[in-house]
A.B. asks: 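Structure provided below as structure tokens; questions to follow.
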Amino acid sequence: MTALVTDGRTPPSRPETSPAGAGTRCVGPIASGRRRRLAGRLRFVACVAAAGALIWRALPILAGSTWGDLVPAARDIHPDWLVALVLIWVAGLLVHTITLTAALPGLTHRRALTLSLTGSAIANVLPLGGAAGVALNYRMAKRWGHSGAAIGTYTVITNAWDVFAKFLLPVLTLPAPMVETSAVNLAVSYAVVGAALALATLTGLGLVTLSSPTAAARAGGVADRVLARWLPPGTCRESLVALQADTSQIVRTSWRRLSIGMLLYTALLFALLLGCLTAAGAGLSIGAVLAGFTVERLLTLAGLTPGGAGIVEVGLASTLLTFPGAPVGVALGVLLYRALSFGLEIPVGGIVLVGWLWVQRRTPSRHQSPTQPATRGATRHGNSGDAECPGVTA
């Protein structure tokens, strides 16, 4: 055992200087943290395995085929279709930046695209990875000089508009094809219409809560009464009133851009699904594709597996296969759509993230001497609490 010598004296051994129980207090949290990390990795592996098993086993069974039928059908897709579908995917990402820039004043479309791709890449590879994607986007936006309050408002508004769009889709698209088609019985149609109306009501309540302090206070009061057994009195009311105050200005001035961007993005996603199913030879009507798209959008809200993998594919295919069409083409179209809307974001977003991190490491060296520590500095952004994040621009 080698002792460290700093000033000619050998420091006494650790047991003689450490207070009683210090080792227990130190080792306990470390061991607990390791156990949590191990449990998280095991959950991740289990989620990925479950998603893979769902896709591998359930999808061919639903289509009444095998992977031996799907692979030759995939080879028959013309390359021109693939190029067109990728262009639709890119166009969807670009128009989505309209919503993102509206929610965060001063954010450019290029940086909004960076946030979108990197956040989605993280969210798509981790179970419940949305939180990790938000944390990454928070760090990136802080590097670009946006305040924590502005980033928090941006996160709330963009996620709220995404949920609102998914909740409103059943009202606009699902009842008509489900009621009119003979593939679904009347009882199921009534249930679908009821669910659509319920989601529309929730969307309306959410919009009113964000736009009115009185509505936010009343909604918070109702939530406090419902959750009185689990939360201190007034918790929900205070939180909703504060949230409304933070978001009201952006909602009031930018609701048109927020809505237009989300509408265009949703329309292009639908066009992507329709194109994938057409390229695969599914032979479905537009009404059937609308029904499947609506179910797919709602299923993406379930974060049980990374990006809803497995759950979304099976749910989307199950819905589409209730309508007349080619089962093999339906299964292949679903896989192609998810490969573009979910899978392609992972490598592209990963490359963008690596490039952004490389820029962050390289840029400070142009402005600072090798011995000068990197500081964000209150002179640029008035926030000395972020000294660990150099003020650089990507």
Side-chain angles (χ1 to χ4, degrees), residues 92-116 119-120 130-131 133-135 137-172 196-224 234-269 297-298 300-301 381-383:
L93 292 175
L94 293 176
V95 300
H96 187 47
T97 63
I98 298 173
T99 296
L100 302 184
T101 54
L104 185 58
L107 182 68
T108 65
H109 287 273
R110 178 173 62 85
R111 287 177 171 175
L113 184 61
T114 301
L115 292 178
S116 177
S120 295
V134 169
N137 284 174
Y138 182 89
R139 179 186 175 189
M140 297 173 79
K142 287 286 283 185
R143 289 282 186 108
W144 294 329
H146 298 281
S147 68
I151 300 169
T153 300
Y154 159 86
T155 302
V156 170
I157 291 177
T158 53
N159 281 280
W161 245 253
D162 179 62
V163 173
F164 292 160
K166 292 173 181 177
F167 278 8
L168 281 175
L169 264 177
V171 182
L172 302 174
L197 292 176
L199 292 174
T201 302
L202 288 174
T203 303
L205 290 174
L207 288 171
V208 170
T209 300
L210 287 179
S211 59
S212 167
T214 302
R218 290 178 179 174
V222 172
D224 281 327
T235 300
C236 295
R237 185 180 185 278
E238 293 175 2
S239 299
L240 282 179
V241 169
L243 176 63
Q244 193 279 329
D246 290 339
T247 60
S248 60
Q249 179 65 25
I250 297 296
V251 172
R252 201 164 46 244
T253 59
S254 303
W255 67 269
R256 288 184 181 86
R257 286 181 60 208
L258 290 166
S259 302
I260 290 172
M262 190 58 67
L263 176 63
L264 292 175
Y265 173 64
T266 304
L268 284 168
L269 274 181
R297 290 286 83 199
L298 291 174
T300 57
L301 294 173
H381 304 296
N383 185 358

A.B. asks: Could you tell me which non-hydrogen atom of Ser147 sits nearest to which non-hydrogen atom of Lys142, and how far apart they are?
C.D. replies: C-CD, 4.4 Å

A.B. asks: Can you name the closest pair of heavy atoms from Gly221 and Arg237 and give their distance?
C.D. replies: N-CB, 4.1 Å

A.B. asks: How close do Ala103 and Thr158 get, counting heavy atoms only, and between which atoms?
C.D. replies: CB-CG2, 3.6 Å

A.B. asks: Mind listing the closest non-hydrogen atom pair of His146 and Ile151 along with its distance?
C.D. replies: O-CD1, 3.7 Å

A.B. asks: Output the distance between atom NE2 (His96) and atom OG1 (Thr266), rounded to the nearest 0.5 Å.
C.D. replies: 9.0 Å

A.B. asks: Please answer whether the main-chain N or O of Arg256 pairs with a side-chain N or O of Ser259 as donor and acceptor at a distance below 3.5 Å.
C.D. replies: no

A.B. asks: Is the shortest heavy-atom distance from the side chain of Tyr154 to the side chain of Leu115 under 4.5 Å?
C.D. replies: yes

A.B. asks: What's the separation between atom OG1 in Thr155 and atom CG in Leu104, rounded to the nearest 0.5 Å?
C.D. replies: 8.5 Å

A.B. asks: Under 3.5 Å, is there a donor-acceptor pair between the side chain of Ser254 and the main chain of Arg257?
C.D. replies: no

A.B. asks: Any side-chain to backbone donor/acceptor pair from Ser116 onto Ala112? Under 3.5 Å, distance only.
C.D. replies: no

A.B. asks: State the CG-CG distance between Asp224 and Leu240, to the nearest 0.5 angstrom.
C.D. replies: 8.5 Å

A.B. asks: Is a side-chain donor or acceptor of Thr97 paired with a backbone partner of Leu113 at a separation under 3.5 angstrom?
C.D. replies: no

A.B. asks: Should Cys236 and Val222 count as side-chain neighbours, where that means a heavy-atom distance under 4.5 Å?
C.D. replies: no

A.B. asks: Do Trp255 and Ile157 have side chains that approach each other closer than 4.5 Å (heavy atoms only, starting at C-beta)?
C.D. replies: no

A.B. asks: Do Trp144 and Leu107 touch side chain to side chain, with heavy atoms closer than 4.5 Å?
C.D. replies: yes

A.B. asks: Do the side chains of Gln249 and Arg252 get nearer than 4.5 Å, heavy atoms only?
C.D. replies: yes

A.B. asks: Out of curiosity, Leu263 CG to Leu258 CG, how far, rounded to the nearest 0.5 Å?
C.D. replies: 12.5 Å

A.B. asks: Do you know which two heavy atoms are closest between Thr101 and His109, and how far apart they sit?
C.D. replies: OG1-CE1, 3.6 Å

A.B. asks: Rounded to the nearest 0.5 Å, how far does CG of Leu169 lie from CG of Leu269?
C.D. replies: 10.0 Å

A.B. asks: Is it true that atom CZ of Arg218 has more than 12 heavy atoms of other residues, nucleotides or ligands lying nearer than 6.0 Å?
C.D. replies: no

A.B. asks: For Tyr265, which of Val95, Leu100, Ile98, Thr99 qualifies under side chain to side chain contact (heavy atoms under 4.5 Å, CB included)?
C.D. replies: Val95

